*Asks:* 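First the structure, which I've put down as structure tokens, then a few questions once you've had a look.
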Amino acid sequence: MTIVDKIIYNLLTSRKAVSIPEVGVLKIESKPARKNSDGTMTPPRSELQCNPLGKQGSAVELIGEIAATGGVGAAQAQQIFDEWLQSAKTPESIRIEGVGVVSAGKITIDPTLDAKLNPAEPEKSAGFNWKWLWVLVLVAVAIIGWWAFANWDTVKPRLAAYFQTDTAIEQVADQTAE
């Protein structure tokens with residue numbers, strides 16, 4: 001990517017319109033979210049637009065930006081621009097590295113710039129994953145089993161006492177019911 005390509009890319013990603021001689025004005029336009037006919041929503045998007053008819057009042061002049069960025073005069077900035085244009089131009093289009101290809105007043109955006117302007121939404125989970133719940137249950141049972149086995153000498157008398165108490169309570173309940 002040449003310095004001119006980087007200047008254009010940086011201006012566009014900072015949402016500034018840029019006026020490029022022999023190309024036109026490139027700018028990023030935000031499109032709002034909209035509801036489709038099937039009831040689904042299309043998320044908001046940022047699109048790169050090309051106006052081949054000339055200058056726009058608020059657009060940054062590319063040659064002036066080359067001069068300011070490079071710390072050179074207007075004549076040298078024009079020469080840098082002309083060299084860049086010569087290397088970027090084909091008979092039917094102009095390729096701006098990292099931005100896209102301008103052909104017949106229309107621009108095809110570079111996938112890298114499109115991804116930067118319109119980041120993909122994170123994938124939504126399909127719901128609760130029950131597989132992990134079963135894994136957690138099995139781990140808990142294994143830990144409890146291991147603990148009971150390791151402490152069997154102290155667990156066994158408590159367990160026997162619990163069952164004896166339970167049996168005694170049932171016997172008292174049966175006697176009072178008669």
Side-chain angles (χ1 to χ4, degrees), residues 1-140:
M1 188 182 281
T2 68
I3 189 69
V4 176
D5 294 322
K6 288 179 185 177
I7 291 171
I8 296 169
Y9 179 86
N10 289 337
L11 286 170
L12 290 171
T13 56
S14 62
R15 303 290 181 155
K16 294 179 183 171
V18 58
S19 178
I20 306 170
E22 296 189 40
V23 174
V25 176
L26 299 180
K27 67 180 179 175
I28 304 295
E29 285 188 6
S30 297
K31 302 290 181 182
R34 64 179 193 271
K35 191 172 186 177
N36 300 323
S37 60
D38 62 355
T40 60
M41 292 293 290
T42 299
R45 285 194 51 81
S46 295
E47 294 180 356
L48 181 59
Q49 300 291 321
C50 179
N51 179 1
L53 299 178
K55 298 181 180 180
Q56 181 176 341
S58 62
V60 175
E61 295 290 331
L62 180 59
I63 296 174
E65 191 67 22
I66 293 170
T69 303
V72 296
Q76 191 173 0
Q78 182 67 50
Q79 182 183 1
I80 292 169
F81 171 77
D82 290 340
E83 289 173 4
W84 169 81
L85 186 61
Q86 197 64 27
S87 67
K89 200 173 195 180
T90 65
E92 62 277 341
S93 65
I94 297 173
R95 175 159 179 67
I96 305 168
E97 189 74 31
V99 174
V101 178
V102 180
S103 178
K106 300 209 182 266
I107 187 157
T108 305
I109 191 168
D110 187 89
T112 308
L113 179 60
D114 189 41
K116 182 168 179 92
L117 295 174
N118 301 299
E121 290 184 34
E123 289 187 28
K124 296 178 182 169
S125 66
F128 186 74
N129 194 345
W130 290 98
K131 174 177 70 173
W132 291 110
L133 180 63
W134 285 110
V135 170
L136 290 174
V137 168
L138 289 174
V139 168

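Sequence positions, counted from 1, serve as the residue numbers for this chain. Everything numeric here is computed off the predicted structure, so don't read it as measured data.
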*Asks:* Looking at every heavy atom in both Ile94 and Lys89, which two are closest together, and how far apart are they?
*Replies:* CG1-CG, 4.0 Å
*Asks:* Of all the heavy-atom pairs spanning Asp5 and Arg95, show the shortest one and how long it is.
*Replies:* OD1-O, 4.5 Å
*Asks:* Would you give the length of the straight line joining atom CD1 of Ile28 to atom CG of Leu117, rounded to the nearest 0.5 angstrom?
*Replies:* 4.5 Å
*Asks:* Strictly distance-based, threshold 3.5 Å: is any side-chain N or O of Asp38 a donor or acceptor partner for the main-chain N or O of Thr40?
*Replies:* yes
*Asks:* Evaluate side-chain contact (heavy atoms from CB on, under 4.5 Å) for Ile20 paired with Phe81, printing each intermediate quantity in order.
*Replies:* CA-CA 9 Å; Ile20 306 170; Phe81 171 77; 3.8 Å; yes
*Asks:* Does some side-chain heavy atom of Trp84 sit less than 4.5 Å from a side-chain heavy atom of Ile96?
*Replies:* yes
*Asks:* Does the side chain of Thr13 reach to within under 4.5 Å of the side chain of Lys116, using non-hydrogen atoms?
*Replies:* yes
*Asks:* Are Arg45 and Asp114 close enough for a salt bridge, meaning some N to O gap below 4.0 Å?
*Replies:* yes
*Asks:* Give a yes-or-no answer on whether the side chains of Gln78 and Asp82 include a donor-acceptor pair shorter than 3.5 Å.
*Replies:* yes
*Asks:* Pairing donors with acceptors under 3.5 angstrom, does anything connect the side chains of Ser46 and Arg15?
*Replies:* yes
*Asks:* Around Glu92, counting heavy atoms of other residues, nucleotides and ligands shown, do more than 12 lie under 6.0 Å from its CD?
*Replies:* yes
*Asks:* Look at Lys6 together with Glu97 and state whether they make a salt bridge at an N to O cut-off of under 4.0 Å.
*Replies:* no
*Asks:* What is the minimum heavy-atom distance between Pro52 and Cys50, and which atoms define it?
*Replies:* CD-O, 3.4 Å
*Asks:* Determine whether more than 12 heavy atoms belonging to other residues, nucleotides or ligands lie under 6.0 Å from atom NZ of Lys31.
*Replies:* yes
*Asks:* Any donor and acceptor pair, going by atom type alone, linking the side chain of Ser93 with main-chain N or O of Thr90 inside 3.5 Å?
*Replies:* no
*Asks:* With side chains defined as the heavy atoms from C-beta onward, is the minimum distance between Leu11 and Glu65 less than 4.5 Å?
*Replies:* yes
*Asks:* Could you tell me the separation between the CG atom of Leu26 and the NZ atom of Lys16, rounded to the nearest 0.5 Å?
*Replies:* 15.5 Å
*Asks:* Could you pull out the closest heavy-atom pair between Ala59 and Val25, with the gap in Å?
*Replies:* CB-CG1, 4.0 Å
*Asks:* Just by distance, do the side chain of Thr69 and the backbone of Ile66 share a donor-acceptor pair under 3.5 Å?
*Replies:* no
*Asks:* Drop me the distance from Leu113's CG to Leu48's CG, to the nearest 0.5 angstrom.
*Replies:* 6.0 Å
*Asks:* For side-chain contact (heavy atoms from CB on, under 4.5 Å), just list the numbers for Ile107 and Val99, CA-CA rounded to whole Å, side-chain angles, deciding distance to a tenth of an Å, and then say yes or no.
*Replies:* CA-CA 9 Å; Ile107 187 157; Val99 174; 4.3 Å; yes
*Asks:* What's the separation between atom OG1 in Thr2 and atom CD1 in Ile7, rounded to the nearest 0.5 Å?
*Replies:* 8.5 Å
